[in-house]
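Here's the structure, in structure tokens; my notes come after.
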Amino acid sequence: MSEPIIEVRHLSKSFGTHVVLRDVDFTVKPGDVTCVIGASGSGKSTLLRCINLLETPTAGSILFHGQDIMAKGFDPCGYRARVGMVFQSFNLFPQYTALENVMLASLLLAKGRPDYKQNKRAIHEEIEGHAMELLSQMSLEGRMSHYPHQLSGGQQQRVAIARALALHPDILCFDEPTSALDPELTGEVLKVIKGLKSGDSTMIVVTHEMEFARNVADKVIFMSDGVIEETGTPYQIFENPQSEKTKAFLLKSLEQTALEEERR
């Protein structure tokens, strides 16, 4: 049986007197896709930011391959290189092309290699080749020299996914990757994420796309008011929810989807 990549134990996070996360527990095993759903303000994005150490938890622990990421002496930079993060607002560097955005982190890390000066050109070519492969995987062969402002939202998000993959992360975290996109572009990005699942990538996806969670997730976590209200397989959560809060959320999501379909 595979050991978990991530173990979240009794995690809590407060901003002053405002409690955002309360006693959150879950694990992620290799190859699993975990979808986190819930209403805005339920703590989903803060949970991801704690896992990536963009926020410091107030209490509890997060273990990465059994190591406490908040322990003294733990290397947060090395850890972040192994935990890819894709943001809802893309966060691409506007002054760099798509290819340069994907290469940047790998080039910065490569400069710390003892053989970098002697093999600078070969290392650069290797990183560039890998970045080009990733952008091709994202169907962006003809957009590598384009700057972010020359790309659609869906294309920018696919560049961001390629950038996250460039460091060969152990796990990918997506923070509502389609929330800034229109329906057509949403489909582009979700197709890419589904493709990553078939390649055995391990992912945590915060999403408001219920059909995506139903069809792609191995495990669904429903959060409400900073706590995990219910966890289960997609069938358990969507077809047989136990919590009244889960039932109410899913009903509201269905109604919202129906309204959006009518508007189209």
### Query
Below 6.0 angstrom between ring centroids: does that apply to Y96 and Y147?
no
#### Entry: Distance under 6.0 Å and angle within 45° of ring axis: K245 vs F249
no
### Query
Passes salt bridge (charged side-chain N to carboxylate O under 4.0 Å, His left out), R82 versus D170? Steps please.
CA-CA 5 Å; R82 297 175 68 187; D170 292 23; 2.9 Å; yes
#### Entry: F238-M223 co-clustered via ILVMFWY side chain contacts under 4.5 Å
no
### Query
Just by modelled atom types, is the G226 backbone N or O under 3.5 Å from a matching donor or acceptor in the R22 side chain?
no
### Query
Checking side chain to side chain donor-acceptor pair (under 3.5 Å) for the pair S89/N91: CA distance, chi angles, key distance, verdict?
CA-CA 6 Å; S89 54; N91 287 13; 2.9 Å; yes
### Message
Using only atom types and a distance under 3.5 Å, with no angle test, would you say the side chain of S201 pairs donor to acceptor with the backbone of K197?
### Response
no
### Query
Would the number of heavy atoms belonging to other residues, nucleotides or ligands and lying under 6.0 Å from CD of E184 be above 12?
no
### Message
Side-chain heavy atoms nearer than 4.5 Å, only ILVMFWY residues, links allowed to pass through others: does that put V205 and I221 together?
### Response
no
### Query
How many angstroms lie between CG in L53 and CZ in F74, if you round to the nearest 0.5 Å?
7.0 Å
### Query
Does atom CD of Q67 have more than 12 heavy-atom neighbours from other groups under 6.0 Å away?
no
### Residue Q150 excluded, over 12 heavy atoms near CD under 6.0 Å
yes
### Query
Counting N and O atoms only, with roles assigned by atom type, does the side chain of Q155 sit under 3.5 Å from a partner on the main chain of S152, one being a donor and the other an acceptor?
yes
### Task
Keeping the roles fixed (side chain from R214, backbone from I237), state whether a donor-acceptor pair exists under 3.5 Å.
no
### Task
Under the ring pair (Phe, Tyr, Trp, His ring centres under 6.0 Å) rule, collect the residues that match up with F87, sequence neighbours excluded.
none
### Task
Would you confirm whether D25, through its side chain, and H10, through its main-chain N or O, come within 3.5 Å as a donor-acceptor pair?
yes
### Query
Does CZ belonging to F15 count more than 12 external heavy atoms closer than 6.0 Å?
yes
### Message
Quick check on M132: does its CE atom have over 12 non-hydrogen neighbours (other residues, nucleotides or ligands) under 6.0 Å away?
### Response
no
### Query
Going through the distances and angles, do E3 and K29 end up as a salt bridge (charged side-chain N to carboxylate O under 4.0 Å, His left out)?
CA-CA 6 Å; E3 292 296 317; K29 292 184 178 178; over 6 Å; no
### Message
For T233, is there any backbone N or O sitting under 3.5 Å from a side-chain donor or acceptor partner on Q236?
### Response
yes
### Message
Quick one: does any side-chain atom of D32 pair with a main-chain N or O of V28 as donor and acceptor, under 3.5 Å?
### Response
no
#### Entry: Rounded distance [0.5 Å steps], CD in E7 versus CG in L63
5.0 Å
### Query
So how far is it from H168 NE2 to L134 CG, rounded to the nearest 0.5 Å?
7.5 Å
### Query
Taking T178 for the side chain and L181 for the main chain, is one N or O donor matched with an acceptor at less than 3.5 Å?
no
### Query
Does a sphere of radius 6.0 Å around NZ in K252 hold more than 12 heavy atoms from other residues, nucleotides or ligands, not counting ones at 6.0 Å or beyond?
no
### Task
Could you tell me whether Y116 atom OH has more than 12 heavy atoms of other residues or ligands within 6.0 Å of it?
yes
### Task
Please report the shortest heavy-atom distance between V83 and N52, naming the atom on each side.
O-ND2, 3.1 Å
### Query
Of V159, V192, V189, V102, which is the lone residue that meets side-chain contact (heavy atoms from CB on, under 4.5 Å) with M138?
V192
